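Read the structure below first, then the notes.
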Amino acid sequence: QVHVVESGGGLVQAGGSLRLSCAASAPSFNMYAMGWFRQAPGKEREFVTSISWDGGHTLYASSVKGRFTISRDGTENTVYLQMNSLQPDDTAVYYCAVDLMAYGLGSVVPYDYDYWGQGTQVTVSS
């Protein structure tokens with residue numbers, strides 16, 4: 001069983017920044033790709049970004065590219081999502097997920113991920 005816990009969400013004004021953290025209890029955390037997804041009210045869950053097992057390969061949704069940055073710290077079993085220039089359209093619950101395929105590069109497909117956190121709310125006011 002892998003536990004995934006997100007933190008760092010909150011309320012921010014448009015143009016502001018937040019950094020989300022995702023701590024995963026996976027014993028071999030450094031072997032696995034991680035991803036962030038988000039779900040706004042009334043919408044389907046959508047891909048935000050992912051990072052490969054070694055941090056060398058990242059993917060971003062076009063809507064966040066250039067504003068969001070994903071990174072990972074293997075010593076802390078944590079993945080971070082730095083979000084800058086936030087806009088009201090970024091308002092959503094943000095979910096972190098672990099892909100337990102060893103040495104994965106990351107994926108935009110939710111079904112490729114095996115464990116999910118409960119999410120953290122990000123609200124951007126205009």
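Predicted model only: the values in this text are computed from it and were never measured.
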- Message: Taking the ring of W53 and the ring of Y32, is the distance between their centroids below 6.0 Å?
- Response: no

- Quick one: closest heavy-atom pair of A14 and S126, and the distance? CB-CA, 4.3 Å

- Minimal heavy-atom distance between A24 and M34, with the atoms involved, is CB-CE, 4.2 Å

- Task: Could you give me the CA-CA distance, side-chain angles and deciding distance for R38 and Y94, then say whether side chain to side chain donor-acceptor pair (under 3.5 Å) is met?
- Result: CA-CA 4 Å; R38 66 187 182 185; Y94 283 70; 2.9 Å; yes

- Task: Ignoring hydrogens and angles, tell me if any N or O in the side chain of T91 forms a donor-acceptor pair with the backbone of V124 under 3.5 Å.
- Result: yes

- Message: If you compare all heavy atoms of Q1 against all heavy atoms of S25, which two are closest, and at what distance to 0.1 Å?
- Response: O-OG, 4.2 Å

- Ion pair present between R72 and D54, side-chain N to carboxylate O less than 4.0 angstrom? no

- Message: Determine whether a donor-acceptor pair (N or O, by modelled atom type, separation under 3.5 Å) exists between the side chain of S52 and the backbone of L105.
- Response: no

- Please examine the side chains of L20 and V122, heavy atoms only from C-beta on, and report whether any two atoms are closer than 4.5 Å. yes

- Side chain to side chain, M31 and M101, heavy atoms closer than 4.5 Å: no

- Query: Between atom CG of L18 and atom OG1 of T120, what is the distance when rounded to the nearest 0.5 Å?
  - Reply: 8.5 Å

- Message: For S125 versus P88, what's the shortest heavy-atom pair and its separation?
- Response: C-CG, 4.5 Å

- May I ask you to test the I70-Y60 pair for a side-chain heavy-atom distance under 4.5 Å? yes

- Output yes when a side-chain donor or acceptor of S50 lies under 3.5 Å from a complementary backbone atom of G106, and no otherwise. no

- Is F29 linked to V2 within one hydrophobic cluster, defined over Ile, Leu, Val, Met, Phe, Trp and Tyr using a side-chain heavy-atom separation of less than 4.5 Å? yes

- Sub-3.5 Å donor-acceptor pair from the side chain of T78 to the main-chain atoms of E76, do we have one? yes

- Note on the structure: CD1 of I51 to CG of L81, rounded to nearest 0.5 Å, is 10.5 Å

- Rounded to the nearest 0.5 angstrom, the CD-CD distance for Q121 and Q39 is 11.0 Å

- Pairwise distance OG1(T123) to CG(D90) - rounded to 0.5 angstrom: 11.0 Å

- Query: Within a strict 4.5 Å, meaning less than it, do heavy atoms of the V48 and F68 side chains meet?
  - Reply: yes

- Message: Tell me which pairs pass disulfide bond (SG atoms under 2.5 Å apart) where either residue lies in residues 44-126, with sequence neighbours left out.
- Response: C22-C96

- Apart from F47 itself, which Ile, Leu, Val, Met, Phe, Trp or Tyr residues share its cluster (side-chain heavy atoms under 4.5 Å, direct or through members)? F37, L59, V93, Y95, V108, V109, Y111, Y113, W116

- Item | Non-hydrogen side-chain atoms of V79 and W36 separated by less than 4.5 Å | yes

- Message: Ignoring hydrogens, what is the shortest heavy-atom contact between S85 and S17? Give both atom names and the distance.
- Response: N-OG, 4.3 Å

